[in-house]
Protein chains: 2
Amino acid sequence: MTESEFLTGYDPAAYDRPALAVDLVLMGIRAGRLAALLLRRSRQPQAGLWALPGGFVGIAETLDAAAERVLREKAGIGRARLEQLYTFGAVDRDPRMRIVSVAYLALLPEAAFAEALAGGAGLAAAVLVVPWAGEAGGPVSAGAEDGAPLALAFDHADILALAVKRLRGKLDYTDVGFALLPEHFTLRQLQDVHAAIRGAPLNKSAFRRRMRDRGWIAPTGAREAGTAFRPAELFRFDRPGQF
Amino acid sequence: MTESEFLTGYDPAAYDRPALAVDLVLMGIRAGRLAALLLRRSRQPQAGLWALPGGFVGIAETLDAAAERVLREKAGIGRARLEQLYTFGAVDRDPRMRIVSVAYLALLPEAAFAEALAGGAGLAAAVLVVPWAGEAGGPVSAGAEDGAPLALAFDHADILALAVKRLRGKLDYTDVGFALLPEHFTLRQLQDVHAAIRGAPLNKSAFRRRMRDRGWIAPTGAREAGTAFRPAELFRFDRPGQF
DNA sequence: CCAATAGTGTCTATCAGACAGTATCCA
DNA sequence: TGGATACTGTCTGATAGACACTATTGG
């Protein structure tokens with residue numbers, strides 16, 4: 001039997017299959033704190049709870065392509081660097097039916113995050129409360145910008161927790177800190193982002209030294225404006241496209 | 001509409017779905033080199049090529065449970081610590097139909113690896129050639145134990161390459177080195193495993209110092225037997241269950 | 001004794017934390 | 001001038017690489 005003869009006789013519908021979806025963790029910085037974009041579910045199941053933007057994977061659509069489509073259609077964001085996070089496959093994670101979901105993570109610069117919030121997609125910012133709780137990272141809870149806790153749908157709290165953990169792991173040796181900031185930033189802003197992701201403060205001079213020694217930042221020559229004190233120097237990320 | 005009313009009216013078969021499978025990367029050490037267990041495909045498609053043990057995910061089966069079942073049924077291994085690696089979703093990765101596959105990684109102690117090879121499952125050991133090629137890790141090629149290259153089926157070369165990359169990333173701060181060794185081992189064996197995964201040699205005294213300082217190893221009091229030179233001290237892993 | 005490997009001691013470079021000190025802005 | 005924050009200098013401890021040194025086995 002040749003390969004083409006085999007294919008002719010193959011029955012792809014022999015067994016029941018789980019449905020396959022993607023869910024997007026879209027992270028940003030909001031008032032100096034780590035935040036993610038969520039949608040309030042208007043329909044059953046779990047109406048009223050907050051969920052990650054998600055959607056089903058088409059039969060002729062790559063997982064990455066499905067994630068990009070959901071980014072456009074559900075979050076109204078043109079493009080972002082999406083990275084696969086983990087695949088969640090508990091049998092009862094969705095009461096409608098068996099749905100296996102591939103979670104993706106993207107980091108939005110501060111302006112893009114604000115723009116997505118202002119767009120008509122109905123997104124809200126969930127501030128992530130990230131206690132230090134050791135290197136492994138403890139549970140992550142989500143709250144509205146006024147501090148009120150948000151109830152998350154399905155297993156999306158697990159997905160958020162894993163996203164924060166992944167972020168932490170990559171913080172020291174990739175550009176995740178820069179990806180959340182505008183093009184020009186102060187070292188203080190950068191340090192605040194790192195502290196928010198770590199969930200613990202950082203030593204100032206050691207942090208500045210490390211950033212400069214790695215050659216990742218370049219001075220722009222400009223300075224902050226509108227401060228009531230000494231304005232900080234503005235830097236830019238010097239190794240775009242490296243990761 | 002309540003949640004139960006909604007569920008009654010929901011049609012889970014409205015769209016075509018990709019099939020969902022798991023593939024297992026079962027790693028071990030073979031004659032001091034990093035190796036993985038492969039099956040030679042006897043049937044179309046891609047008959048004669050070498051593939052990772054895999055199987056479809058049942059409709060009421062967790063991803064982890066499917067991986068454990070494949071471990072038993074296709075590899076003849078009772079149990080191992082399986083860890084999800086990545087989900088591969090290219091549209092044409094399997095010529096039969098659209099199959100999305102969740103890859104899992106497990107590390108087998110030297111004896112379990114040899115036992116699986118000797119079992120009746122038809123597994124072969126593919127020695128992985130892992131050039132250093134920078135921190136990111138270059139392409140990984142598989143060869144038989146006599147050095148002859150093995151042709152891999154589907155996108156399984158990509159899966160192996162990612163598994164090695166993941167292993168490298170975890171080498172310094174988890175127990176991956178110990179997981180591939182027998183219960184009692186010499187520091188030389190441990191160093192060889194680390195060097196095989198890194199694809200680059202290690203400094204002896206620095207390595208020993210690091211292992212001892214971390215408190216991960218405990219002396220057993222016993223020594224190697226049957227050597228033609230000074231026998232090495234045998235150690236055991238002192239932090240089982242920590243990772 | 002030699003060959004071969006086990007195991008140690010020491011020098012040096014790098015890097016991070018701690019913390020105090022100086023610089024520069026606005027009011 | 002004072003308050004606030006930006007930015008720097010320096011000490012110290014932890015860790016890794018390099019490399020030579022000693023120790024212990026079988027023959």
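Just so it is clear: chains get the letters A, B, ... in the order the sequence lines come, proteins before strands, and each one is counted from 1.
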Original post:
Whole-Å distance between C/dA23 P and A/E233 CD?
Top reply: 17 Å
Original post:
Pick the nucleotide of DNA chain D nearest each of B/D213 and B/K204; which residue has the one closer to the 5' end?
Top reply: B/D213
Original post:
Do B/R79 and B/E68 meet the salt-bridge criterion of a basic N to acidic O distance under 4.0 Å?
Top reply: no
Original post:
Is the shortest side-chain N/O distance from A/R230 to OP1 or OP2 of D/dT8 below 4.0 Å?
Top reply: no
Original post:
Where is the tightest heavy-atom contact between B/L82 and B/A106, given as atom of each residue plus distance?
Top reply: CD2-CB, 3.6 Å
Subject >> Nearest to side-chain heavy atoms of B/F229, which nucleotide of D/dA18, C/dA4, C/dA16 >> reply: C/dA4
Original post:
Can you check the A/D192 CG to D/dA6 C1' distance for me, whole Å?
Top reply: 13 Å
Original post:
Salt bridge check: are A/R30 and A/D192 linked by an N-O gap of less than 4.0 Å?
Top reply: no
Subject >> Residue B/R210, side-chain atoms from C-beta onward, closest of D/dG17, D/dC7, C/dA16 >> reply: D/dG17
Original post:
Reckon A/R208 touches a base, only the sugar-phosphate, or nothing at all at heavy-atom distances under 4.0 Å?
Top reply: base
Original post:
Can we say A/K170 and A/E83 salt-bridge, meaning some charged N sits less than 4.0 Å from an Asp/Glu carboxylate O?
Top reply: yes
Original post:
At under 4.0 Å between heavy atoms, what does B/T186 touch on the DNA or RNA strands: base, sugar-phosphate, or nothing?
Top reply: nothing
Subject >> Pairing of A/R81 and A/D175 as salt bridge, 4.0 angstrom limit >> reply: yes
Original post:
A/R223 side chain N/O closer than 4.0 Å to the phosphate oxygens (OP1, OP2) of D/dC7?
Top reply: yes
**OP:** Could you tell me the separation between the CZ atom of B/R212 and the P atom of C/dA6, rounded to a whole number of Å?
**Re:** 14 Å
Subject >> Between D/dA16 (C1') and B/R198 (CZ): distance, integer Å >> reply: 11 Å
Original post:
Which part of the nucleic acid, if any, lies within reach of A/A206 when heavy atoms closer than 4.0 Å are counted: base, sugar-phosphate only, or nothing?
Top reply: base
Subject >> Rounded distance (nearest 0.5 Å) linking atom CG of B/L24 with atom CG of B/L105 >> reply: 9.0 Å
**OP:** Take the protein atom CG of A/L187 and the nucleotide atom P of D/dT8, then report the distance between them rounded to whole Å.
**Re:** 9 Å
Original post:
C/dA16 C1' sits how many Å from A/M211 CE, rounded?
Top reply: 12 Å
**OP:** Assess whether one donor atom and one acceptor atom, taken from the side chain of B/R209 and the base of C/dG7, lie less than 3.5 Å apart.
**Re:** no
Original post:
Out of C/dG17, C/dG7, D/dG17, which nucleotide sits closest to the side chain of B/N203?
Top reply: D/dG17
Subject >> Whole-Å gap separating P (C/dA16) and CG (A/L171) >> reply: 13 Å
**OP:** Between A/A228 and A/F207, name the one whose nearest nucleotide on DNA chain C is closer to the 5' end.
**Re:** A/F207
Subject >> Minimum-distance nucleotide to A/P231 side chain [options: C/dC25, D/dC7, D/dA6] >> reply: C/dC25
**OP:** Go through D/dG9, D/dG17, C/dG7 for me and flag the one nearest to the A/S205 side chain.
**Re:** D/dG9
Original post:
What's the CZ-C1' distance between B/R214 and D/dA14, to the nearest Å?
Top reply: 12 Å
